[in-house]
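All values reported here derive from a predicted model rather than from experimental measurement. Below, each value reflects all heavy atoms present in this structure, side chains not excepted, and no hydrogens, waters or symmetry copies. In what follows, chains are A, B, ... by sequence order, proteins preceding strands, each numbered from 1.
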Amino acid sequence: MSLQDRSRFEPAEVEPRITAAWLGSGLVHPPAEGTAAENFSMAIPPPNVTGALHMGHALNGSIQDTLARWHRMHGRRTRWILGTDHAGIATQTQVEKLLKSEGSGREEIGREAFTERVWEWRAQYGGTIVEQFKRLGATCDFEAERFTLDEGYVEAVLTVFVRLYEKGLIYRDNYMVNWDPGSRSAISDLEVEEREVTDTLFAIAYPLTDGSGEVVVATVRPETMLADTAVAVNPDDERYTHLIGKSVTLPLVGRELPIIADEYVKTDFGTGCLKITPGHDPNDFEIGRRHGLDELSVIGEDGCMLPEAGEAYAGLSAADAQRKVVEDLRALGALRAEDPYTHTVPFSHRSGSRIEPLVSLQWFMRMDELAAPARQVVADGRVRIHPESQRRRYDEWLANIRPWCISRQLWWGHQIPVWYRGTPPTQETYVGMTAPEGDGWTRDPDVLDTWFSSALWPFATLGWPRETPELQAFYPTDVMSTGRDILFLWVARMVMMGLEFTGEVPFTDVYNHSVIQAPDGRRMSKSLGTGIDPLALIDGGPRPPVFAKRPGDDPGEFPAYGADAVRFGLLAMSSTQDVRFNEEKIAQGRALGNKLFNATRFALLKVEGIDAAVLSGGPGAEAARAPEDRWILSRLQAIKAEAAQRIGEFDFSKLSLALYDFVYGELCDWYLELIKAREVDADLAATLLHVLRETIALVHPVMPFVTEDLWAELPGHDGGLLAEASLPAADAALRDDAAEAQVSALIEAVTTVRSWRGDAGVAAGAILDARLTGDGYGETTALLARLARLDLDQPADAAGAATIVIPGGTVEILASGAFDPSEAAAKTEAQIADLQKEIARARGKLGNDGFVAKAPAAVVDAERAKLERLEAEVATLRAQLPEGAA
RNA sequence: GGGCGGUUAGCUCAGUUGGUCAGAGCACCUGCCUUACAAGCAGGGGGUCCACGGUUCGAGCCCGUGACCGCCCA
């Protein structure tokens, strides 16, 4: 349909066609040529293969695509590396659920069949999010999608494991891990969520072995006492110093426990005596290692008590064991108090189960050696973190880094490349890329933490460890854009691995984008009902309940805003680290798209009949430019420069709002209105089309669909895609301060007269007889007359009835029935009152000796000039009022 | 407990190095189908810039203390 047959931009009609054009053009998959320094590349934080597009993806996708398109349009070969993450636990959980619904389970079908099923599941559902990115207009490299378990990637992961093992950084050890009884696996610290829980704090008396008394310890987990191996007090706690080195007898068990001193113990918590259970508490574990204590285990991986807990408790769940221990202690008379106690407790982010800290045999990776260079590259600026305030978080995390437990008791993932033969005392271990020769070898059943493989993302996706052309052309990448929550989880580990294995930083800029909260300020989450589906914004759909004005009200439906509007809105919203979702910003984006659409319609109507070659040859001849032409060309350079600056600063909010302000506040509200009555010659037409073309190109990275659609309608269009076009940088030669001043004054004059008309009761369409006095309006008088609806062609001696002060002069309105003199006088009086206030303020300042003496001379002079101007203005306004007024 | 961000108009947010910075969008009121756009145009009302104290000739902005909201870490 032709542009002129439509009066609004309809995204749903246009988006599929344009998406197909982009993806069919090959622009997302540039050849692997040139150097990484010349090219622009960026790896997507690989979305979870089980995932669906949420607000965070939509925002980050908008950011990355804006960057990709911007750099592509500025002549850089641009590759936005796409792929998904195999997401060990999340995916395995999905498939286990599926099996359960079929009355089966992973144990029943065995590892091989299970893995098979996960691959099938992935083939069926794993592409969802990638397809959804297309809806956003994202120009990721859909032609070279990667997966963290595909063949080349496995090679990279195994290579890294083997090399780190050989270097001694990867080792196997008994260590305290976050055991998730729900998924029956160790999970990382970062997959643990702290929740506030009210438990009971039990006070238990432990008698001193020598019979000289007792100590009372406080605990929320009395059942773990069965694994106690010490009691600790603070060395500075005078109440207990005399006990250090003595021992207590553990009730119910009878074991003798030493009383030790450790700084960790807080003197003001509970009784100041702490029972130490190295096998079941992470802090106690650390204390235990410091003091060489035994690490006893009484709770197993299934969350039930082990035989080591004693006959009375073995086999009970931890909760049942707790009840029985408390009962038995009470019977013994050892229970001194039970009080409700609210504290934070770790839960698995994966399964929701309460974490059971356990000591278990796991694979670990020593991080301190890798952390030091990763800190260094940020410290010396080789990797820049935006906003800079996040640098400290990064550094502190790395400074306090601890060994990373990299093994997971799962079936879905990179199986650890370690084989064993024989039994422990004489067990042989083989570590290598492939199974060892000989019989009797068994492979370690565990898989690697998913983040182990994701940490290699920026280079493993480009073919590492092979020296591929892709690696040559696109590594190191330029930008990593992520949410703050994975600055450690991911970004820091990528930096470490990148430096270790490629010798280079994996990217030069890390951008931490905003977190968009629900409209009520809570976190956006599916389970809270506060999540917003980006596709519901694009296509229209029910609003989540959180949008209801009052609970229970019908929140209605989102209109189909289209992808451009969603992109614009999300970018515009994301100003600080946490922002509330703001539907108005999406609507603002839709309005902007529609505005551009109609501005283009208008421009094309104006230039009808002008030769296409003229219209695509840049602005009209300099000599033929009217002030408003020089003004808009100058303003266009300003917005181009600002956009480049904002991109460089990663300030996408200011970028998008600045584009809005230019299109609305300068191009459409003023330039198009200013030229409306002009006869269109070749020069004007060329200038108009030039400005329009560059504006469309400038907005393209943020709003690709509408701009691509309009681009194809511009005269002289050669059939090429805007996405592949180039946008020249701002041209300083087109900046024109004089024209800017001239047109600013005109705009202010028009606005002032319009405001006066409103207050003086002038009918909207009425043309007022008026006389213009003032400097600088020579070329713009006719424009002022037209836009302010004045007839300025009046005899010089006609009597003025009202005076409007405009920059550099006045507009005198002649007497007529078109305005109400009393309303006009009231307006004038109100103006005078306002001016008097400002005059008083200026006089106050200038009357202050301190100000005159200490403020810079320029500021004082400006204040004097302002005062003079205000006084002159008041005098002018007063002159028109009846005697005695104001 | 530590770190970070926030508190400015009814709502969501801008306000660079302290001096025409009190702004925008939406909402609201008034008037307009003015030869692109009613998802539009023109105009208008509306704010003790969280509180207190300090620095300064001058503070929304700098410093201190406190309150509240959110996120992260322990």
Side-chain angles (χ1 to χ4, degrees), chain A residues 3-4 6-10 189-190 194 266 282-283 344 387 389-393 396-397 400 483-485 487-488 512 514-515 517-523 549 559 561-562 565 569 572-606 645 649 651 653-654 657-658 660-661 664-665 668-669 672-673 676-677 750-751 753-765 786-789 838 841-842 844-856 858-860 862-863 865-866 869-870:
Chain A
L3 215 53
Q4 302 302 344
R6 303 180 272 167
S7 69
R8 55 170 72 160
F9 176 67
E10 296 288 355
D189 289 348
L190 297 161
E194 301 288 335
K266 291 179 197 135
N283 293 314
T344 55
S389 57
Q390 298 298 319
R391 263 176 71 165
R392 182 142 59 135
R393 289 181 63 223
E396 281 175 1
W397 188 76
N400 298 311
R484 290 189 311 285
D485 49 340
L487 183 62
F488 318 133
N512 294 278
S514 306
V515 172
Q517 301 168 330
D520 62 358
R522 286 186 294 167
R523 18 171 311 137
K549 290 209 169 59
Y561 285 111
M573 264 176 247
S574 65
S575 51
T576 49
Q577 76 173 31
D578 297 298
V579 293
R580 295 183 181 206
F581 180 81
N582 183 208
E583 191 178 338
E584 281 76 37
K585 284 279 188 291
I586 310 279
Q588 202 178 338
R590 178 179 61 168
L592 176 59
N594 200 47
K595 199 73 176 167
L596 275 174
F597 182 87
N598 279 293
T600 304
R601 287 176 73 207
F602 173 77
L604 296 191
L605 278 177
K606 289 294 280 185
Q645 187 195 330
E649 293 166 343
D651 192 337
S653 175
K654 295 236 174 57
L657 293 170
Y660 179 94
D661 287 342
Y664 263 77
C668 293
D669 286 352
L672 298 186
E673 294 300 330
K676 227 168 208 178
V750 170
T751 306
V753 174
R754 281 175 177 169
S755 171
W756 182 90
R757 290 171 59 107
D759 287 315
V762 177
R786 186 164 58 78
L787 294 185
R789 295 190 170 269
E838 278 197 66
R841 209 179 305 158
K845 265 192 184 178
L846 290 166
N848 180 338
D849 293 339
F851 176 72
V852 178
K854 293 186 182 175
V859 172
V860 178
E863 202 63 29
K866 176 181 160 188
R869 198 182 68 242
L870 293 172

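A distance-only check finds no donor-acceptor pair linking the side chain of Arg8(A) to the backbone of Lys595(A) [under 3.5 Å]. In this structure, Lys606(A) contributes its side chain and Lys676(A) its backbone to a donor-acceptor pair below 3.5 Å.
The closest side-chain donor-acceptor pair between Gln588(A) and Glu584(A), if any, does not fall under 3.5 angstrom.
Rounded to a whole angstrom, the distance from the P atom of C52(B) to that of C41(B) is 41 Å. G46(B) and A22(B): their C1' atoms are spaced 13 Å apart (whole Å). Using atom C1' as the reference point in both C50(B) and G45(B), the two lie 25 Å apart (nearest Å). Comparing the same atom, C1', in C71(B) and in C29(B) gives a spacing of 40 Å after rounding to whole Å. For the P atoms, the distance linking G66(B) with C26(B) amounts to 41 Å, nearest Å. A24(B) and C33(B) have their C1' atoms separated by 27 Å, given to the nearest Å. Between the P atoms of U16(B) and C73(B), the separation comes to 31 Å (whole Å). Taking atom C1' in both G47(B) and C21(B), one finds a spacing of 13 Å when rounded to whole Å.
Distance, Leu657(A) CG to G25(B) C1': 8 Å, rounded to whole Å. Between the CG atom of Asp661(A) and the P atom of G15(B) there is a distance of 13 Å, given to the nearest Å. When the P atom of C32(B) is taken as reference, atom CZ of Arg754(A) falls 16 Å away, rounded to whole Å. Between the CG atom of Leu672(A) and the C1' atom of C41(B) there is a distance of 13 Å, rounded to whole Å. Rounding to whole angstrom units, CD of residue Glu583(A) and P of C11(B) are separated by 18 Å. Atom CD in Gln390(A) sits roughly 8 Å away from atom P in G5(B) (whole-Å rounding). Per the geometry, CZ belonging to Arg841(A) stands 10 Å off C1' belonging to A22(B), to the nearest Å. For Lys585(A) and A14(B), the NZ to P distance is 9 Å, given to the nearest whole Å.
Within 4.0 Å (heavy atoms only), Thr600(A) reaches no atom of the nucleic acid at all. Among the protein residues, Arg8(A) comes within range of the nucleic acid bases, having at least one heavy atom under 4.0 Å from a base atom. Residue contacts for Tyr561(A): at a heavy-atom cut-off of 4.0 Å it reaches no nucleic acid atom on any strand shown. Within 4.0 Å of Ala599(A), counting heavy atoms only, lies at least one base atom of the nucleic acid. Within the 4.0 angstrom heavy-atom criterion, base atoms lie near Ala855(A). Across all strands, Val852(A) comes closer than 4.0 Å to no nucleic acid atom at all (heavy-atom distances). Using a 4.0 Å heavy-atom distance criterion, Pro856(A) is classed as a base contact.
In the set A39(B), C13(B), C41(B), the nucleotide with an atom closest to the side chain of Arg590(A) is A39(B). Nearest to the side chain of Arg789(A), among U34(B), A36(B), G43(B), sits U34(B). Of the candidates C13(B), C57(B), G70(B), the closest approach to any side-chain atom of Gln517(A) belongs to G70(B). Nearest to the side-chain atoms of Ser575(A) among the listed nucleotides C37(B), A39(B), A14(B) stands A14(B). Residue Glu10(A) has its side chain nearest to A39(B) when only G25(B), A39(B), G40(B) are considered. The side chain of Glu584(A) lies closest to C26(B), out of C26(B), U12(B), G44(B). For Lys854(A), the listed nucleotide lying nearest its side chain is C57(B); candidates were C57(B), A42(B), G44(B). Closest to the side chain of Lys654(A), out of C41(B), A14(B), A39(B), is A14(B). Taking every side-chain heavy atom of Tyr660(A) into account, G25(B) is the closest of C13(B), G25(B), A36(B). Which of G31(B), C37(B), A14(B) sits closest to the side chain of Ser7(A) comes down to C37(B).
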Step by step, work out the side chain to side chain contact (heavy atoms under 4.5 Å, CB included) result for Lys585(A) and Leu657(A). CA-CA 10 Å; Lys585(A) 284 279 188 291; Leu657(A) 293 170; 4.3 Å; yes

Checking Phe597(A) against Arg6(A) for the side chain to side chain contact (heavy atoms under 4.5 Å, CB included) test, could you report, in this order, the C-alpha distance in whole Å, the side-chain angles of both residues, the deciding distance, and whether it holds? CA-CA 9 Å; Phe597(A) 182 87; Arg6(A) 303 180 272 167; 3.8 Å; yes

Side chain to side chain contact (heavy atoms under 4.5 Å, CB included) between Arg590(A) and Phe9(A), intermediate numbers included: CA-CA 9 Å; Arg590(A) 178 179 61 168; Phe9(A) 176 67; over 6 Å; no

Yes or no on side chain to side chain contact (heavy atoms under 4.5 Å, CB included) for Glu649(A) and Lys654(A), after CA distance, side-chain angles and deciding distance? CA-CA 10 Å; Glu649(A) 293 166 343; Lys654(A) 295 236 174 57; over 6 Å; no

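Using a 4.0 Å cut-off, no side-chain N or O of Lys676(A) falls inside it from OP1 or OP2 of C41(B). Under 4.0 angstrom from either OP1 or OP2 of C72(B) there lies no side-chain N or O belonging to Arg393(A). For the OP1/OP2 pair of G44(B) and a distance below 4.0 Å, the side-chain nitrogens and oxygens of Ser755(A) include at least one atom meeting the criterion.
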What does the 5'-to-3' dot-bracket notation of RNA chain B look like when only Watson-Crick and G-U wobble pairs under 3.5 Å count, and pairs to other strands show as |? (((((((..((((.....[...)))).(((((.......))))).....(((((..]....)))))))))))).

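RNA chain B is contacted by both Gln588(A) and Lys866(A); Lys866(A) maps to the nucleotide lying nearer its 5′ end (nearest heavy atom per residue). For the pair Trp756(A) and Asn283(A), nearest-nucleotide mapping onto RNA chain B gives the more 5' position to Trp756(A).
Under the rule for a side chain to side chain donor-acceptor pair (under 3.5 Å), Asn594(A) has no partner lying at least two apart in sequence or in another chain. Contacts of Lys854(A) classified as side-chain contact (heavy atoms from CB on, under 4.5 Å), with partners at least two apart in sequence or in another chain: none.
If you take CG on Asn582(A) and CD on Gln517(A), they are separated by 12.5 Å, rounding to the nearest 0.5 Å.
Residues Glu863(A) and Phe851(A) meet the side-chain proximity criterion, which asks for heavy atoms closer than 4.5 Å.
Applying the 3.5 Å distance criterion, the base of A74(B) shares no donor-acceptor pair with the side chain of Glu396(A).
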